[in-house]
Amino acid sequence: MRWPAPISLRRRPFLLFGLLVALFTIPGVFSLRLVTLDTIEIFTTHEWFFKPTVVFRCNGENKTYLLDVKETHTLYTFKGEESWQPLTELPEKKCKRCGLFEEDAFKPDDVFDEWEMCSSDFKDGRYTRFKEDQFNATFLCPNCTASTGDHGNREPSAELETKKASIAVIIIVSVLASVLVIIALFGGYKYWQKKKRERDQARFLKLFEEGDDLEDELGLSNEL
Ligand SMILES: *[C@@H]1O[C@H](CO)[C@@H](O)[C@H](O)[C@H]1NC(C)=O
Ligand SMILES: *[C@@H]1O[C@H](CO)[C@@H](O)[C@H](O)[C@H]1NC(C)=O
C-alpha cells in the first residue's frame, strides 16, 4: 500500500504558503522610501502678474502641484497626508534627479532648483534643501535612514542583505511548493489509477463468480 504518501504530501504546500505570508509581513523588509514635503518657503516668483504655480517633479515622473504655495516669504507646513503626498519614492542606492519648478503656460517651466535627491541625504529621516533667494524646503523620508548614530552607514547594506536573502528564500520556497504540488498531483493520479484498476479487477472477478454460479445452476439442472 503506497497511497498514504500522496495524502501527507498534499498538505505541505499550505504550510509553505503560510511561511511565504509570514515572510512578506516581516516589517521593514519591504518598506518603501516615500518622500513627503514637510515645509516650504519660497523667496521669489518668476511671474510678474499672476500667482505662481509651484510644482515638484522627479525625472520621468508626473508633476506634483503644490497648489497652496502662492505667497513668497511665507512658511507652508504640511502634514504629509495631503492628497498629493508623497512626492516620490526613492530607490535604496540610487539618487533621483528632482526639482522644484514654476509652471509656465507659454514657455518652459522656470526652475527654482534641480538636484540629485538621495536616500543618504536624509538625516533622521529629514532633509533640508535651501537655495539662496529661491526657496527653503524640508523633505521627510522616515525609511531613508534606517537609524542614525555611529553605524548609520552600515545599517542600509545590512538591510539590503536581509532583503536579498528574503527574496532568495521566497524563490526557493515557491519552487519547492510547485514541485510538491506536482508530486502530490502525480501521487493522487497514480492512486486513482490503482484504485480504478482494483475496481476493474473486482468487477471482472465478480463477473467470473456470477458465471460460475450460472454454471453450477446449469450443472445442477443437468443432474436433475
Ligand atoms: C502619471 O499620470 C497619468 C495620468 O494622469 C497616469 O496614468 C500615470 O499612471 C501617472 N504616472 C505615474 C508614474 O504616476
Ligand atoms: C529652512 O527651513 C527650516 C525648517 O523650517 C529651518 O529650520 C531652517 O533654519 C531654514 N533654513 C534657512 C537657511 O532659512
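All figures in this text were calculated on a predicted structure; none of them were measured in a lab. Numbering of ligands and ligand atoms starts at 1, following listing order.
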Straight-line distance of N143 CG to E89 CD, nearest 0.5 Å:
10.0 Å
Hey, what's the ring geometry for W84 with F78, parallel, tilted or perpendicular (30° and 60° as the breaks)?
perpendicular
Salt-bridged, K96 to E116, with N to O below 4.0 Å?
no
Which residue owns the protein heavy atom closest to atom 12 (C) of ligand 2, what's the atom, and how far is it?
N136 ND2, 3.2 Å
Using a distance-only test with no angle check, is there a side-chain donor-acceptor pair under 3.5 angstrom linking Q201 and E198?
no
At what distance is the nearest protein heavy atom to atom 5 (O) of ligand 2, and which residue and atom is it?
T39 OG1, 3.9 Å
Evaluate the 4.0 Å heavy atom contact test for atom 14 (O) of ligand 2: does a protein atom fall under the cut-off?
yes
Please report which non-hydrogen protein atom sits nearest to atom 4 (C) of ligand 2, along with the residue it belongs to and the distance in Å to one decimal place.
T138 OG1, 3.7 Å
Does atom 2 (O) of ligand 2 have any protein heavy atom closer than 4.0 Å?
yes
R129 to F139, cation-pi by 6.0 Å centre distance and 45° axis angle
no
